[in-house]
Amino acid sequence: MTIMAGMGSPMGTGVGPLLRAWRERRQLSQLQLALRADSSARHLSFVENGRSRPSRELLLRLAEQLDVPVRERNTLLLAAGYAPHYPETPLDDPSMDALRGGVERLLAAHDPYPAVVVDGSFRVLAANRSLGLLLDGVAPHLLEPPLNAIRVTLHPDGLAPRIVNLRQWRHHLLERMERRLELGRAEPLRRLYEEVRGYPEPAGDPAQDGAGHGFPFALPVRIRHDGRVLSFLSTIATFNTPLDVTVSELAMETFLPADAETVRFLQSAVGPERQL
């Protein structure tokens, strides 16, 4: 296991329209946001209308109060004529050694259960041994770098034919992409969304999609493998208060066995050893 080296929002391009769009998205009045950012509603109104240029410090305070993603905070600064505040460091940069090492240890510790790390466009940056087991039978062209987790999952030549509850899982993944697209203007992600949304619709009776999965509290993904069905519950972890664009968009998705049969199979097929 090794680590391999933003549907556009209808927001305006100036800093005023951008700020207004974020404020309205968070359902805050100008007064509420101004009080939180130690400013005034009058000044904020002037900024949104283009009559006043906000200081760099005010923009960063406003972005923090609006919970704007790190990449989009740089967009706000650029729209106001300032240099970006947050760097975007390549993951293979020497300064990222500690982060890469930590991520690799976490992935290895999750064996024999699958785990993967993706970036903001769902490109696979790292994975553990167990994930490879689930990729048996996936067309080779989908496994060529840069491997994309959404494409591999939903493509007709990928995992899709083996996912028992494909209609439900496809809906879940498309909604996940839509939520991310609402937060930014990442063109690669928009293109990926349009691509996977165009894949053939799963056949079958929608009323039977979730029949028998036995998990009223969370949706499992159920995958056929070697004559059995493996069931997993998915969890996603991100970094708190990131100060780098790259780090802010990293997500580790871990797949927990949802039944005893899945546990037994993975422990037998992959083994319980830990590569720390």
- Side chains of Gln168 and His172, donor plus acceptor under 3.5 Å: no
- Query: Hey, are Thr235 and Thr254 close enough side-chain-wise for a donor-acceptor pair under 3.5 Å?
  - Reply: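 A donor-acceptor contact under 3.5 Å links the two side chains.
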Return the [atom1] to [atom2] distance between [X] and [Y], rounded to the nearest 0.5 Å.
| X | Y | atom1 | atom2 | result |
| --- | --- | --- | --- | --- |
| Arg25 | Asp67 | CZ | CG | 11.0 Å |
| Arg26 | Leu66 | CZ | CG | 7.0 Å |
| Thr153 | Leu173 | OG1 | CG | 6.0 Å |
| Arg228 | Arg264 | CZ | CZ | 10.0 Å |
| Arg190 | Met177 | CZ | CE | 11.0 Å |
| Asn128 | Asp111 | CG | CG | 4.0 Å |

- Are Leu166 and Leu159 close enough, and set up right, to give a side-chain contact (heavy atoms from CB on, under 4.5 Å), and what steps lead you there? CA-CA 9 Å; Leu166 177 58; Leu159 282 173; over 6 Å; no
- Measure the shortest side-chain to side-chain distance between Gln65 and Leu33 over non-hydrogen atoms and say whether it is less than 4.5 angstrom.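 With C-beta onward as the side chain, the pair touches.
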- Message: Do Leu59 and Val47 have side chains that approach each other closer than 4.5 Å (heavy atoms only, starting at C-beta)?
- Response: no
Crowding at [atom1], [X] (>12 non-hydrogen neighbours, <6.0 Å):
| X | atom1 | result |
| --- | --- | --- |
| His225 | NE2 | yes |
| Arg61 | CZ | yes |
| Gln27 | CD | no |
| Arg42 | CZ | no |

- Query: Is the shortest side-chain N to carboxylate O distance from Glu194 to Arg191 below 4.0 Å?
  - Reply: no
- Query: Is the closest basic N to carboxylate O distance between Arg170 and Glu201 below 4.0 Å?
  - Reply: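 Salt bridge flag = yes for Glu201 with Arg170.
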- Given Leu219, Val164, Ile223, the one that forms side-chain contact (heavy atoms from CB on, under 4.5 Å) with Trp169: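 The passing option is Leu219.
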- Please report the C-alpha distance between Asp244 and Met96 in whole Å, then the side-chain angles of each, then the deciding distance to 0.1 Å, and finally whether the side-chain contact (heavy atoms from CB on, under 4.5 Å) criterion is met. CA-CA 11 Å; Asp244 184 281; Met96 293 287 202; 4.0 Å; yes
For [X] and [Y], which heavy atoms make the closest approach, and how far apart are they?
| X | Y | answer |
| --- | --- | --- |
| Leu134 | Leu230 | CD2-CD1, 4.0 Å |
| Asn148 | Ile150 | OD1-N, 3.0 Å |
| Val124 | Ala149 | CG2-N, 3.9 Å |

Are the side chain of [X] and the backbone of [Y] linked by a donor-acceptor contact shorter than 3.5 Å?
| X | Y | answer |
| --- | --- | --- |
| Asp157 | Val138 | no |
| Arg73 | Val68 | yes |
| Asp119 | Leu125 | no |

- Message: Tell me whether Val70 shares a hydrophobic cluster with Leu243, the cluster being built from Ile, Leu, Val, Met, Phe, Trp, Tyr side chains joined at under 4.5 Å.
- Response: yes
- Task: Verify side-chain contact (heavy atoms from CB on, under 4.5 Å) between Leu76 and Glu72, making sure each step is shown before the conclusion.
- Result: CA-CA 6 Å; Leu76 285 172; Glu72 298 305 315; 5.9 Å; no
- Message: Does the structure place the NZ or CZ of Arg180 under 6.0 Å from the centre of the six-membered ring of Phe122, at an angle of no more than 45° from the ring's axis?
- Response: yes
- Item | Derivation and outcome, side-chain contact (heavy atoms from CB on, under 4.5 Å), residues Leu250 and Leu91 | CA-CA 10 Å; Leu250 292 180; Leu91 202 54; 4.2 Å; yes
- Item | Derivation and outcome, salt bridge (Lys or Arg N to Asp or Glu O under 4.0 Å), residues Arg179 and Glu182 | CA-CA 5 Å; Arg179 289 194 299 271; Glu182 288 177 356; over 6 Å; no
